[in-house]
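As structure tokens, the structure follows; a few thoughts come after it.
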Amino acid sequence: MIVVMKSDATAEQVEHMTAHIASLGLTPQVIRGAHQTVIAAIGEERAGMTEALEPGEGVEKVLPIMAPYKRASSELKSERTVVKTRSLEVGGTRIAVIAGPCSVESEAQIVGIARKLKELGATGLRGGAFKPRTSPYSFQGHKEEGLKMLAAARAETGLAIVTEVMAPEHVPMVAEYADVLQIGARNMQNYQLLQAVGDSGKPALLKRGMSATIDEFLLAAEYILDRGNPNVMLCERGIRTYEDHTRFTLPLATVPYLHEKSHLPVVVDPSHGTGKARLVPPMCKASIAAGADALIIEVHDDPEHAVSDGSQTITPAVFGQVMAQCRRIAEAVDRSL
Ligand code: PEP
Ligand code: MN
């Protein structure tokens, strides 16, 4: 940690901060420049230290050196995490594709589409049984009945099930049916939910909150990892900006940036990221070019009549074309699909 003193800081203030740093168990080293003094605080940075040093008199700013997220950080684990469950492997050379409708609508729907998606190369099946809807009047999901429909689709195809859990008290029930617990964007900072998913031991797909910074996103992952659950996937699903030509703004620089900061695999959701079906295929390709370990894509037989998110949903025919094109992009970046 570096404590930068104000240019007019007094010798007493520098001395006080030096003693304060030592009282935190760190070794202070004063570096006097022509205009400004900085104090390097050497030793293990712990949570709360920045807050303890920042209010000191004469302090301009405190710069942490280590990332605030420890378990998620590549500083402490350089070997990449690979999340494996049934048909799904995320983080290895092969790019995973999780596909399916926004909502589970009926058993026939989910089993039917799962068969087609498997045939076309998907390695995981998505579908919401608990739906976080902006309006309380919109379809809220079939809940446990929906989970049973997903389990039927898995029994039929072997595809690993990725489905959202919205409340800590639902974690045991959803974990009974699902292979991967999805934490939605709106719940990224629901810390009790993160802890409950951590405790479940099930792989987690953590979506980035629509207004969360990358540090907040990684600290949310830290909550799951800190409960002894190492199987966390980070999903970029678009953020809120002033731009309104797309539902959200999909920042793909997140992918290489997360790969630099963390060992956790990175998934991209071009469906929620754009909100427009016609923009999904190009953004799938761009995500793979950017280094994504997996895609999560909304696919429905009849998007016009989907109960949720129809406008950002592609058909199985388009999904087939996307897979063919993405295979070529994957090859160009030394991956397979
Ligand atoms: C979803 O996957 O259907 C969903 C609700 O995603 P998000 O939490 O990213 O909005
Ligand atoms: Mn959706």
Side-chain angles (χ1 to χ4, degrees), residues 88 90 96-105 109-110 113 117 122 124-136 138-143 146-147 149-150 160-167 170 174 178-190 193-194 197 203-212 216-217 220-221 224 232-241 246-252 254 266-277 279-280 283-284 287 292 294-315 319:
L88 191 64
V90 182
V97 180
I98 303 160
C102 178
S103 298
V104 177
E105 296 172 12
Q109 174 232 16
I110 196 72
I113 193 126
L117 293 169
L125 178 67
R126 63 149 291 144
F130 287 89
K131 293 304 304 176
R133 305 305 300 281
T134 301
S135 165
S138 301
F139 176 65
Q140 304 284 310
H142 285 306
K143 308 194 166 73
L147 296 173
M149 295 170 195
L150 283 164
I161 302 298
V162 180
T163 196
E164 180 161 355
V165 57
M166 287 173 56
H170 292 155
V174 180
D179 299 300
V180 175
L181 300 177
Q182 176 176 325
I183 296 160
R186 292 156 189 81
N187 263 321
M188 189 207 82
Q189 286 177 311
N190 180 339
L193 178 64
L194 297 170
V197 168
L205 184 135
L206 176 64
K207 290 198 146 190
R208 178 182 185 177
M210 56 187 85
S211 58
E216 288 164 345
F217 187 21
I224 305 172
V232 179
M233 296 171 255
L234 302 168
C235 180
E236 174 57 80
R237 47 78 72 213
I239 53 173
R240 270 270 152 81
T241 67
T246 47
R247 185 179 178 193
F248 294 98
T249 296
L250 184 61
L252 289 182
T254 303
V266 181
V267 183
V268 177
D269 178 343
S271 307
H272 292 86
T274 62
K276 289 187 165 66
L279 300 181
V280 170
M283 294 318 276
C284 286
S287 302
L295 299 172
I296 180 163
I297 312 170
E298 288 185 337
V299 188
H300 192 288
D301 279 310
D302 182 9
E304 265 185 51
H305 295 101
V307 301
S308 57
D309 284 352
S311 50
Q312 64 190 38
T313 299
I314 60 173
T315 59
F319 178 76

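In listed order, ligands and their atoms are each counted from 1.
With sequence neighbours left out, F217 forms a ring pair (Phe, Tyr, Trp, His ring centres under 6.0 Å) with no residue at all. Scored by the ring pair (Phe, Tyr, Trp, His ring centres under 6.0 Å) test, H300 finds no partners at all (sequence neighbours excluded).
If you take CD1 on I297 and CD1 on I314, they are separated by 5.5 Å, rounding to the nearest 0.5 Å.
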Stepwise side-chain contact (heavy atoms from CB on, under 4.5 Å) test for Q182 and I296: CA-CA 11 Å; Q182 176 176 325; I296 180 163; 4.0 Å; yes
Residue pair R186, K207: steps toward the side-chain contact (heavy atoms from CB on, under 4.5 Å) verdict: CA-CA 9 Å; R186 292 156 189 81; K207 290 198 146 190; over 6 Å; no
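A donor atom on one side chain and an acceptor atom on the other are not found under 3.5 Å apart for T246 and T274. Remark: the H272 side chain and the E298 side chain contain an N/O donor-acceptor pair separated by less than 3.5 Å.
Within 4.0 Å of ligand 1, heavy atoms belong to protein residues C102, R126, K131, P132, E164, Q182, G184, A185, R186, K207, R237, H272, E298.
Salt bridge status for D309 with R247: present, with a side-chain N to carboxylate O gap under 4.0 Å.
For the residue pair A292 and V268, the shortest heavy atom distance occurs at CB-CG2, 3.9 Å.
Listing protein N, O or S atoms at distances below 2.8 Å from the Mn ion (ligand 2), with waters left out, gives C102 SG, H272 NE2, E298 OE2, D309 OD2.
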